[in-house]
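What you see is a predicted model, and the numbers here were worked out from it, not measured in a lab.
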Amino acid sequence: MNSWWGRVRYAGVCVAVVSVFGMGISACASTSGGDSTAGTPSSTASSTSVVLSAEAVEQRGEIVRTDDAPDSWSLPYGTVAKRLVYRSTSGVDGSTTSVSGAVFVPGSTPPAGGWPLIAYAHGTTGITPDCAPSDQADMFGDLTAVQDFLDAGYAVVTTDYQGLGTRTGRQAPHPYLEPRTAAFNVIDAARAAQSAGLGISPRWLAAGRSQGGAAVWSTAEEFAGYGGGSGELLGVVAVAPLLDPRYFATRAQENTLTRAQQHLYPLVVHGISQADPAVKPGDHLSALNSSAVPVCGDDRTAVSLLSVPAHTSLGAVTPQAAQTLHARLAAYTLPRTATKVPILAMYGTADNVIPLDVMEDTLRRACEAGDRVLSVRQEQQGHIVNPGPAMATWVRDRVAGLPAPSNC
């Protein structure tokens, strides 16, 4: 069964992830073996240094409001779908936040133990409140991913990430590529879905592409410290994950960004500045005609609306400005800590967004840290990655409790 894992358009360049998913699952088996899951964590602290507020710890995953799904959402017959606003935590300062998203349950009879859950993390849409997929008529194309998982017999919960969404009220801005916040948002989406009274199992996986691939990787890393009460994370699927963004700063200075990277670069700079005011967009984007923050509109992502002329030099105005941006991107680089959660990482050798050497060096570092990673290299594929049947098999095997393979 072929379908598309959403779409992100880079000003004429369509970037998509193809998902080929197997048909259904028959039961929600119990886990066997100690190497297939991280289990249920006991700590309430993050694996990193941010201090969580008492309010955030108490409220995380709490559902604030639900709304009916828009009539424009085309879903399999009988699907139960609700839009959510739920509590989560800022990975920048540990404060409580409100995040929007959506939850979906198949229309058929659930397996024993409830529907196994996929927490889906979307790719780059933008960095402003009008860029939330769950506020859009087709979720910026991500409904196709939701449909695919539903057809395969999984419940799905999506997160819009902190700062993206209009149903949450005024919130802190979206800290683009900051991995801790993204992980907290994914884990708390799973908490919210499990408490929604829809027959969803406490056993779940996370899946995402590009920005979302980094979000689910960070979910695996943060789960041991932050995931208490969110059930059992069986594994994560990271497709073309943007794990090490330092090359954006380096290549901008060298004037060697690809066209796809050039179109994404203004979002990188503005998004980083939203969490770190030391990064000043004017120091990096002075060659562009506008210094305005890119926004979404008319059911189009900010990426698709950006226009960066060819041969534009995007180098920083001073070496210090370049160093400041590089340092912030380095702080966001994954992997940051070892995880026991199994990871399936899929990537293409012809990716024009994420350099092949950067991707493979990142995966090598994860293996050296002791992570259980199955890396699948797709020859001649770009940021458009076709996972083929391997992803469906890997996910089903995690639900079945089989030991997770690794090729580290």
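- Salt-bridge check for Asp160 with Arg83: failed, with every basic side-chain N at 4.0 Å or more from each acidic carboxylate O.
- In terms of modelled atom types and a separation under 3.5 Å, the side chain of Arg328 and the main chain of Ile272 share no donor-acceptor contact.
- Remark: the backbone N or O of Ala132 is paired with a side-chain donor or acceptor of Gln136 at under 3.5 angstrom.
- Here the rule is side chain to side chain contact (heavy atoms under 4.5 Å, CB included) with Leu363, and of Pro241, Cys408, Ser375 only Ser375 fits it.
- To the nearest 0.5 Å, atoms OG1 (Thr250) and CD (Glu254) are separated by 6.0 Å.
- Using a 4.5 Å heavy-atom cutoff, the side chains of Pro266 and Val308 are in contact.
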Apply side-chain contact (heavy atoms from CB on, under 4.5 Å) to the pair Leu143 and Leu75, showing each step before the final yes or no. CA-CA 8 Å; Leu143 273 182; Leu75 295 164; 3.9 Å; yes

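- For the pair Gln262 (side chain) and Thr312 (backbone), a donor-acceptor distance under 3.5 Å is present.
- Across Val216 and Gly208, no two heavy atoms sit closer than the pair CG1-N, 3.8 Å.
- Note that the CZ atom of Phe223 and the OG atom of Ser218 stand 13.0 Å from one another [nearest 0.5 Å].
- For the pair Pro355 and Arg251, the minimum side-chain heavy-atom distance is below 4.5 Å.
- Side chain of Ser88 to main chain of Asp188: no donor-acceptor pair is present (N/O by atom type, distance under 3.5 Å, no hydrogens or angles).
- In this structure, Arg167 contributes its side chain and Thr66 its backbone to no donor-acceptor pair below 3.5 Å.
- The two atoms that bring Ser134 and Ala102 nearest to each other are CB-CB, 4.4 Å, heavy atoms only.
- Here the CZ atom belonging to Phe140 is positioned 11.5 Å from the OG1 atom belonging to Thr124, to the nearest 0.5 angstrom.
- A side-chain N or O of His383 and one of Ser210 form a donor-acceptor pair less than 3.5 Å apart.
- Within the 4.5 Å cutoff, no side-chain heavy atoms of Leu242 are placed close to those of Gln211.
- Using cut-offs of 30° and 60° for the angle between ring planes, the Tyr265 and His284 rings count as perpendicular.
- The aromatic rings of Tyr226 and Phe184 lie parallel to each other, their planes meeting at an angle below 30°, with 60° marking the opposite boundary.
- Counting heavy atoms from C-beta on, the side chains of Thr362 and Pro335 come closer than 4.5 Å.
- Checked for salt-bridge contact, Arg364 and Glu368 meet the test: a charged N lies under 4.0 Å from a carboxylate O.
- With rounding to the nearest 0.5 angstrom, the OH atom of Tyr332 is 9.0 Å from the CZ atom of Arg180.
- Side-chain contact check for Ile63 versus Ser195: some heavy-atom pair is nearer than 4.5 Å.
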For side-chain contact (heavy atoms from CB on, under 4.5 Å), just list the numbers for Met359 and Arg377, CA-CA rounded to whole Å, side-chain angles, deciding distance to a tenth of an Å, and then say yes or no. CA-CA 10 Å; Met359 177 64 71; Arg377 171 174 162 147; over 6 Å; no

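- The distance from the CG atom of Leu306 to the NE2 atom of His263 is 8.5 Å, given to the nearest 0.5 Å.
- A donor-acceptor pair under 3.5 Å is absent between the side-chain atoms of Thr79 and the main chain of Ala81, judged by distance alone.
- Looking at Asp148, its side chain never comes within 3.5 Å of a backbone N or O of Thr144 through a donor-acceptor pair.
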Please lay out, stage by stage, how Leu164 and His122 fare under the test side-chain contact (heavy atoms from CB on, under 4.5 Å). CA-CA 12 Å; Leu164 305 185; His122 66 80; 3.9 Å; yes

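- Taking every heavy atom of both residues into account, Ala206 and Val186 meet most closely at CB-CG1, 4.2 Å.
- Here the closest non-hydrogen pair linking Pro405 and Leu374 is O-CB, 3.8 Å.
- Two residues are said to be in side-chain contact when any heavy atoms from C-beta on lie closer than 4.5 Å; Arg365 and Thr333 meet this criterion.
- Atom CD of Glu58 is surrounded by 12 or fewer heavy atoms from other residues, nucleotides or ligands within 6.0 Å.
- A distance of 11.0 Å separates CD in Glu222 from OG1 in Thr89, rounded to the nearest 0.5 Å.
- A donor-acceptor pair under 3.5 Å is absent between the side-chain atoms of Gln171 and the main chain of Val99, judged by distance alone.
- In terms of modelled atom types and a separation under 3.5 Å, the side chain of Gln378 and the main chain of Asn386 share a donor-acceptor contact.
- For the side-chain hydrogen bond (donor to acceptor under 3.5 Å, both in side chains) criterion with Ser98, the lone passing option out of Arg87, Gln162, Gln59 is Arg87.
- Residue Gly165 comes nearest to Asp135 through the heavy atom pair CA-OD2, 3.5 Å, listed as atom of the first residue, atom of the second, then distance.
- With Phe104 as reference, Trp73 is the one residue of Tyr120, Phe149, Trp73 to meet the ring pair (Phe, Tyr, Trp, His ring centres under 6.0 Å) rule.
- For the residue pair Gly235 and Trp394, the shortest heavy atom distance occurs at CA-CH2, 3.9 Å.
- Centroid-to-centroid, the aromatic rings of His270 and Tyr176 stay 6.0 Å apart or farther.
- Asn352 is not listed as a side-chain neighbour of Arg259, based on a closest heavy-atom distance of 4.5 Å or more.
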Could you go through the side-chain contact (heavy atoms from CB on, under 4.5 Å) check for Leu288 and Leu314 one step at a time? CA-CA 8 Å; Leu288 300 181; Leu314 295 172; 4.1 Å; yes

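- Looking only at side-chain heavy atoms (C-beta outward), Trp115 and Leu198 stay at 4.5 Å or farther from each other.
- A side-chain donor-acceptor contact under 3.5 Å links Asp371 to the backbone of Thr339.
- Annotation for Gln380: atom CD does not count as buried by contact number, only 12 or fewer foreign heavy atoms lying within 6.0 Å.
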